[in-house]
Amino acid sequence: MATEEKTLIFICQNTDCKSRGGEEIMVRLQEAFADNEGLEVCPYMCFGTCHNAPNIVIYPERQWYSDVRPSDVPEIVEALQQGSRVERICDQIDEGARNLIYTLLDAGIY
Ligand code: FES
């Protein structure tokens, strides 16, 4: 990863994720990183893993958080600041589904 490359935090805002707290999670992450120019919080249309909503994908780090609760946000923020991850909710989704989304993101399709 190039040092000038920005970290993008994609938060699904489709029906399942939104109805389970995805919007609140997005707002809380936007507030937490408002002053961080190296990181951008963005809405995403749908990752296709709606049964594990809410879903968050951190790119290009390739971290996938699923079944996230608003109460998980402080831990996620801390992990991002430290360059680590919250293991208990990270990469629980099928690898094939994750790789499909990473391929789209690699191609610049957001
Ligand atoms: S509704 Fe969020 S992954 Fe589909």
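These numbers come from the heavy atoms of this one structure, side chains and all, not from hydrogens, waters or symmetry mates. Note that ligands are numbered from 1 as they come in the structure, with each ligand's atoms numbered from 1 the same way. Starting from 1, each residue takes its place in the sequence as its number.
To the nearest 0.5 Å, atoms CG (L29) and CG (L39) are separated by 9.0 Å. Atom NZ of residue K18 and atom CD1 of residue I25 lie 13.0 Å apart, to the nearest 0.5 angstrom.
Between Y102 and Y59, the ring center distance fails the sub-6.0 Å criterion.
Near C46, meaning under 4.0 Å from any of its heavy atoms, are these atoms of ligand 1: 1 (S), 3 (S), 4 (Fe). Heavy-atom contacts of D16 reach the following atoms of ligand 1: 1 (S) (cutoff under 4.0 Å). Heavy-atom proximity to T49, at under 4.0 Å, picks out these atoms of ligand 1: 3 (S).
Residue N55 touches ligand 1 through its side chain alone, judged by heavy-atom distances below 4.0 Å.
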Exercise. Go through R88 and E75 one step at a time and tell me if the salt bridge (charged side-chain N to carboxylate O under 4.0 Å, His left out) criterion holds.
Key: CA-CA 11 Å; R88 67 183 168 75; E75 261 184 288; 2.3 Å; yes
Quiz prompt | Worked check of side chain to side chain donor-acceptor pair (under 3.5 Å) between T49 and N55 | solution = CA-CA 8 Å; T49 55; N55 288 282; 3.2 Å; yes
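Looking only at protein heavy atoms, the nearest one to atom 3 (S) of ligand 1 is F47 N, 3.4 Å.
Atom 4 (Fe) of ligand 1 has C50 among its coordinating residues (N/O/S atom, backbone or side chain, under 2.8 Å). In summary, C12 places no N/O/S atom under 2.8 Å from atom 4 (Fe) of ligand 1, failing the contact criterion.
With respect to the salt-bridge test (charged N to carboxylate O, under 4.0 angstrom), the residues R62 and D91 do not qualify.
Residue contact check for ligand 1: G48 places a non-hydrogen atom closer than 4.0 Å to it.
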